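All values reported here derive from a predicted model rather than from experimental measurement. Chain identifiers are assigned alphabetically (A, B, ...) following the order of the sequence lines, protein sequences preceding nucleic acid strands; residue numbering begins at 1 within each chain.
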Amino acid sequence: MTNHEIAKILFEMAALWDMLGVEFKPRSYEKAAEGVEGHGDSLTEAYKKNGIKGLLEVPGVGKGIAGHIEELLKTGHYKEYEELKKKIPVDISNLMRVQGLGPKNIKTLWEKLEIRNLDDLERAAKAQKIRALRQFGQKSEEKILRGIEFLKQSGGRQLLGVLLPEIRDLEKRITSFPEVERAAFAGSARRRKETVGDIDLLAVSSKPEAVVDRFLALPEIDHVYGKGPTKINVRLKNGVDADLRIVPAESFGAALCYFTGSKDHNIKLREIAIKKGLKLNEYGLFKGNKRVSGRTEDELYRTLGLSYVEPELRESAGEIEAAREGRLPDLVGYEDLKGDLQVQTNWTDGEDTIEAMVDAAERYGLQYIAITDHTKSLAMTGGADEAKLLKQMAAIDQINRKLRKQKRNFRVLKGAEVNIQKDGSLDIADEVLGKLDVVGVAVHSHFNLTREEQTRRVLRAIENPNADIFFHPTARSIQRREPIALDMDEVIRAAKRAGTVLEIDSLPDRLDLKDEYIRRCVESGVRMCIDSDSHSVSHFQYLELGIGQARRGWATKKDIVNTLPVDEFLSSLKGSPQRRRE
DNA sequence: GCCGTTTTCGGCCCGACTGTTTTCAGTCG
């Protein structure tokens, strides 16, 4: 059973308790579901290894829910859930996805109209049966139909890398309104989560109504869900929802914090406020009616007795405690990278020449890149064999000579993205690998091996003395392909033993390693690198996403090898300098 | 049902907005 499947049942339980009017339980189940969903390790495995103790390690899961999960894993059944489902046999998870429908309304729709799923809901709404219900009306009915339509069209979250440019564009346009002093985007995009559900925007103005009017006039807006004097909620033509909130300058910090989230982080801040006899909301931190803080986030955190928490850390994952004790990490910065260690060119499946990639990387502010074209067993990309690699090395030597002559402070490293074969061996001869500056190894096939087989295969590759970096370790593709089944703790231990660097691949749909594994590497002292995996000159911009992910994993500059200047970087690789002789 | 630098019992964030209501429940973030 996957974590996702377990989490789904717990989410449904939360809704079911809500329908029954039970207090506090819903929130507990919800929190447990979130904990399970976000847990990197399979609970099935954790339970096999450590029994109920393994389950209790998940945040939000206590004795009660751990017992239910155990029952589910052991017997495939969960009695209480099945009984509640018998009482209210509806497709809760899908119905909850309709904007404006929550547990209470779903219960009413089931009791009065026997609506069980989205199809029933759509039929009833189209037949105008819903408007006749108490507490519903024509507008609710129309809203439900729009919600169903929206689900059919887009359905869910989009990749951060896809939305970020559009979010920044909106931010810029709002900033340019004459009544606006300043504007900022917040929400999960500011926390650099890998996917974004909707766009949260914040503006400072003393004329909020005028800002609302100007925002409404933007051509991007498709539909207005709701608007008030300081708040507006719309759907954009690109299919994404956006919220704009307008606050006075003295509330900007508090509003930015509130709007950035995460929700759990905010709740913890508010609890700290309560304990200090204060009240925290989006307008500021208050003692009675007196605002004591809130103009900037920095000030707000300090008043609460905390050091400033970077947005990427605000996931209620220990950052509050660390902020209280002054032991937050000094995160790797967005300007800290000096090199990029995974770059493809038109020698295989990249679009551009080595020279073009060099120019683009230099413009981006880098000092070195490794050219890492695919190798031969990845035939569809025109992967290089030994002879082609040797030829490319000669070409790179020539480019470096030219760069030196032009007095450019830039170096091209000879590398490859070497394919890991099914048995964990590499598809290029050791003798040639030994001539490269940087050897990356990667999984591009046999994604469906068992966890034991896959882990064994990957360990063999990591332990290969020629393998400097393990590229995109879990081979996931967000919203498209599941990660390969790996015992990540084993992988991290092996990387530590062998001195192999683990990569954070920055492509919008990879972001692999993901935040949770990055944090484990940081804790284990395993070094990582942040690469763009560029296949064209425009892809270096994605490095920002990888850096964001690294920050979400609490990584500092010293955890990331390509923050080093080129010579220091090269001599930090395993086996060097013996293996590499110029 | 969870959780703990005020607690192993007694709490559990806070406000905006909608739609249906004549004062508020439900949803959302």
Side-chain angles (χ1 to χ4, degrees), chain A residues 10 13-19 21-35 56 58-69 80 95-109 130-144 146-147 186-188 191 196-202 208 212 224-234 241-247 251 254-255 257-286 305-306 316 320-321 324-325:
Chain A
L10 294 176
M13 281 304 285
L16 286 162
W17 289 125
D18 230 336
M19 289 178 186
V22 177
E23 269 192 304
F24 304 116
K25 268 194 189 187
R27 181 78 190 124
S28 293
Y29 276 87
E30 222 170 85
K31 280 187 93 159
E34 281 161 13
L56 287 168
V58 179
V61 173
K63 273 189 193 159
I65 292 178
H68 294 316
I69 298 175
E80 197 173 22
L95 288 171
M96 293 269 286
R97 293 170 66 206
V98 178
Q99 296 266 352
L101 276 195
K104 296 273 163 54
N105 287 336
I106 291 172
K107 180 163 180 258
T108 307
L109 291 168
I130 292 175
R131 64 178 65 184
L133 296 179
R134 252 184 92 79
Q135 298 297 122
F136 287 84
Q138 186 178 340
K139 281 194 173 172
S140 318
E141 194 174 77
E142 284 163 2
K143 193 173 169 193
I144 285 171
R146 277 200 308 274
S188 51
R191 303 201 311 278
V196 175
D198 61 5
I199 300 173
D200 296 307
L201 297 157
L202 184 67
V212 166
V224 180
Y225 292 116
K227 70 175 184 122
T230 62
K231 189 183 165 183
I232 180 158
N233 181 216
V234 301
D241 288 350
D243 286 335
L244 172 67
R245 190 78 179 259
I246 304 133
V247 296
S251 296
C257 186
Y258 154 76
F259 229 19
T260 296
S262 66
K263 198 174 163 181
D264 281 345
H265 180 86
N266 285 345
I267 289 175
K268 288 202 171 157
L269 291 183
R270 286 173 180 185
E271 283 168 356
I272 291 173
I274 291 169
K275 280 177 192 153
K276 289 182 180 294
L278 304 168
K279 187 178 70 168
L280 176 62
N281 57 30
E282 58 264 53
Y283 300 108
L285 190 59
F286 294 87
L306 306 172
S316 185
I320 303 255
E321 294 75 7
R324 187 184 288 130
E325 292 156 21

Atom pairs, N/O to N/O, protein against nucleotides 7-11 of chain B, distance under 3.5 Å?
none

Any pair counted as salt bridge (charged side-chain N to carboxylate O under 4.0 Å, His left out), so long as it reaches residues 257-269 of chain A, sequence neighbours left out
A:R27-A:D264

Applying side-chain hydrogen bond (donor to acceptor under 3.5 Å, both in side chains), can you list everything that pairs with A:E23, at least two apart in sequence or on another chain?
none

To the nearest Å, give me how far apart CZ (A:R97) and C1' (B:dT27) are.
18 Å

Tell me every residue that passes salt bridge (charged side-chain N to carboxylate O under 4.0 Å, His left out) with A:R324, counting only those two or more places apart in sequence or in another chain.
none

Can you check the distance between B:dT18 and B:dT23, where both ends of the measurement are the C1' atom (answer in whole Å)?
15 Å

Nearest-nucleotide check on DNA chain B, A:D200 vs A:S140; residue mapping nearer the 5' end is A:S140

Under a 3.5 Å cut-off for both contacts, is B:dT8 paired Watson-Crick or G-U wobble with anything, and if yes, with which nucleotide?
none

Are any side-chain N or O atoms of A:N281 and backbone N or O atoms of A:G284, one a donor and one an acceptor, separated by less than 3.5 Å?
yes

Say you pick atom C1' in B:dC12 and the same atom in B:dC17; how far apart are they, in whole Å?
24 Å

If I take atom NZ in residue A:K104 and atom P in nucleotide B:dT20, what distance separates them, rounded to the nearest angstrom?
18 Å

Using O4'-C1'-N9-C4 for purines and O4'-C1'-N1-C2 for pyrimidines, with syn meaning within 90° of 0, is B:dT5 syn or anti?
anti

Is there a donor-acceptor pair closer than 3.5 Å between any side-chain N or O of A:N266 and the backbone N or O of A:Y258?
yes

Grab the CG-P distance between A:L56 and B:dC2 for me, whole Å please.
9 Å

Rounded to the Å, how far apart are A:Q99 CD and B:dT27 C1'?
10 Å

With the side chain defined as heavy atoms from C-beta on, A:K25 is closest, among B:dT20, B:dG26, B:dG1, to B:dG1

Can you list everything that forms a side-chain contact (heavy atoms from CB on, under 4.5 Å) with A:K143? Sequence neighbours excluded, please.
A:R146

To the nearest angstrom, the CZ-C1' distance between A:R134 and B:dG26 comes to 14 Å

Would you kindly compare A:E325 and A:Q135 by the position of their nearest DNA chain B nucleotide and give the one closer to the 5′ end?
A:E325

Under the rule for side-chain hydrogen bond (donor to acceptor under 3.5 Å, both in side chains), what residues qualify as partners of A:T108, not counting sequence neighbours?
none

With C1' as the reference atom in both, quote the distance from B:dC14 to B:dC9 in angstrom, rounded to an integer.
25 Å

Integer-rounded Å distance: B:dG1 C1' and A:L16 CG:
15 Å

Separation of B:dC28 atom C1' from A:M96 atom CE, nearest Å, is 11 Å

Roughly how many Å is it from CZ in A:F136 to P in B:dC24, rounded to a whole number?
20 Å

Test side-chain hydrogen bond (donor to acceptor under 3.5 Å, both in side chains) applied to A:E271 - qualifying residues, sequence neighbours left out:
none

For every nucleotide of nucleotides 12-18 of chain B, 5' to 3': is a protein heavy atom under 4.0 Å from its base (B), only from its sugar-phosphate (S), or from neither (-)?
BBBSSSS

Measuring from atom CG of A:L306 to atom CD1 of A:I272, what distance do you get when rounded to the nearest 0.5 angstrom?
4.5 Å

Euclidean distance for C1', B:dT20 against B:dT27 (whole angstrom):
14 Å

Taking only residues two or more places apart in sequence or in another chain, which ones pass side-chain hydrogen bond (donor to acceptor under 3.5 Å, both in side chains) with A:D241?
A:Q99, A:Y225

